[in-house]
> 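Sharing a structure, written as structure tokens. Questions coming.
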Amino acid sequence: MERVTKLASEKPVVIFSKSSCCMSHTIKTLFYDFGVNPAVHELDEISRGREIEQTLSRLGCNPSVPAVFIGGEFVGGANEVMSLHLNRSLIPMLRRVGALWV
């Protein structure tokens, strides 16, 4: 848990992903299109990725990727991020944590 907390706090937006996951790709593209530069951790490409994935599952992220943290706080997976976007809450949240300046 400590490792996930540390990684999740390294930038305003942190995404835990898998390189082969289409939903992870969609969420990363959404943030990139906004002009956000998230820290992305591809769990299938890093050491101890499986351990991090299990920790994310214990946090309630099901499926375990994508898992998005904004301002060091766990926001959720693709469904939660898309819901925030559709109800127009995502952009203000990104501005509050300094991920967007516009």
Side-chain angles (χ1 to χ4, degrees):
M1 183 66 148
E2 184 177 318
R3 180 175 166 122
V4 169
T5 303
K6 182 179 178 199
L7 290 172
S9 299
E10 69 186 5
K11 280 187 122 180
V13 177
V14 177
I15 302 171
F16 292 94
S17 172
K18 283 190 176 177
S19 60
S20 60
C21 174
C22 64
M23 291 310 295
S24 292
H25 175 76
T26 300
I27 294 302
K28 289 183 287 189
T29 301
L30 176 70
F31 283 104
Y32 292 139
D33 286 350
F34 287 152
V36 173
N37 185 24
V40 177
H41 300 283
E42 301 289 357
L43 299 182
D44 56 340
E45 296 177 355
I46 62 173
S47 64
R48 300 177 74 186
R50 182 73 186 131
E51 180 183 317
I52 293 171
E53 189 174 356
Q54 290 170 345
T55 300
L56 293 170
S57 291
R58 285 194 299 273
L59 280 174
C61 199
N62 186 17
S64 58
V65 293
V68 178
F69 289 77
I70 298 176
E73 298 294 319
F74 177 59
V75 172
N79 287 340
E80 291 80 9
V81 170
M82 292 309 292
S83 291
L84 287 169
H85 177 49
L86 292 173
N87 73 25
R88 301 176 188 258
S89 301
L90 185 58
I91 297 285
M93 185 182 292
L94 294 170
R95 284 189 183 124
R96 272 195 305 278
V97 300
L100 282 179
W101 294 277
V102 182

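In this text the structure is predicted, and so the values were computed from the model without any measurement.
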> Can you say whether the rings of Phe69 and Phe16 are parallel (under 30°), tilted (30 to 60°) or perpendicular (over 60°)?
perpendicular
> Hey, quick one: are Ile46 and Ile15 part of the same hydrophobic cluster, counting side-chain heavy atoms closer than 4.5 Å, chains of contacts allowed?
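Shared cluster, no.
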> I'd like to know if Glu51 pairs up with Arg3 as an ion pair, taking the criterion as any Lys NZ or Arg NE/NH1/NH2 lying under 4.0 Å from an Asp or Glu carboxylate oxygen.
no
> Any side-chain heavy atom of Val40 within less than 4.5 Å of one from Phe31?
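With C-beta onward as the side chain, the pair stays apart.
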> How many angstroms lie between OG1 in Thr5 and CG in Leu59, if you round to the nearest 0.5 Å?
7.5 Å
> So, using side chain to side chain donor-acceptor pair (under 3.5 Å) as the criterion, who are the partners of Glu73 when residues are at least two apart?
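For Glu73, no residue satisfies side chain to side chain donor-acceptor pair (under 3.5 Å) once neighbours in sequence are set aside.
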> Using the rule that two of Ile, Leu, Val, Met, Phe, Trp, Tyr join whenever any of their side-chain heavy atoms come within less than 4.5 Å, decide whether Met23 and Tyr32 are in one cluster.
no
> For the atom pair CD1 (Ile70) and CG (Leu84), what is the distance rounded to the nearest 0.5 Å?
6.5 Å
> Measure the shortest side-chain to side-chain distance between Gln54 and Arg50 over non-hydrogen atoms and say whether it is less than 4.5 angstrom.
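Side chain of Gln54 against side chain of Arg50, heavy atoms only: contact under 4.5 Å found.
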> Do the side chains of Val14 and Val81 join up, straight or via other hydrophobic residues, at under 4.5 Å, putting them in one cluster?
no
> Do Glu53 and Asp44 touch side chain to side chain, with heavy atoms closer than 4.5 Å?
no
> I'd like to know if the side chain of Lys11 reaches the main chain of Asn37, judged simply by a donor and an acceptor atom lying under 3.5 Å from each other, with no hydrogens or angles considered.
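Yes; at least one donor-acceptor contact below 3.5 Å.
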> What ring pair (Phe, Tyr, Trp, His ring centres under 6.0 Å) pairs are there with at least one residue in residues 80-102, not counting sequence neighbours?
Phe34-His85
> To the nearest 0.5 Å, what is the distance between OG on Ser47 and CD1 on Ile52?
7.5 Å
> Of all heavy-atom pairs between Val36 and Ala99, which one has the smallest distance, and what is that distance?
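Answer, listing the atom of Val36 first, then Ala99: CG2-O, 3.9 Å.
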> Who are the side chain to side chain donor-acceptor pair (under 3.5 Å) partners of Glu45, not counting sequence neighbours?
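Result, side chain to side chain donor-acceptor pair (under 3.5 Å) vs Glu45: Ser19.
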> With a 4.5 Å cut-off on side-chain heavy atoms, are Lys28 and Glu42 touching?
yes
> With a 4.5 Å cut-off on side-chain heavy atoms, are Arg58 and Thr55 touching?
yes
> Determine the minimum heavy-atom distance between Pro66 and Ile27, stating which atoms define it.
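Looking at all heavy atoms of both residues, the shortest contact is CG-CG1, 3.8 Å.
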> How long is the gap from CD on Glu2 to CG on Leu7, to the nearest 0.5 Å?
10.5 Å
> May I ask you to test the Val75-Leu90 pair for a side-chain heavy-atom distance under 4.5 Å?
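In short, these two side chains do not touch, never coming nearer than 4.5 Å.
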> With heavy-atom distances below 4.5 Å as the criterion, would you say the side chains of Met82 and Leu30 are in contact?
yes
> Using a 4.5 Å cut-off on heavy atoms from C-beta on, say whether the side chain of Glu80 contacts that of Val68.
no
> Could you tell me which non-hydrogen atom of Gly35 sits nearest to which non-hydrogen atom of Leu100, and how far apart they are?
C-CD2, 4.3 Å
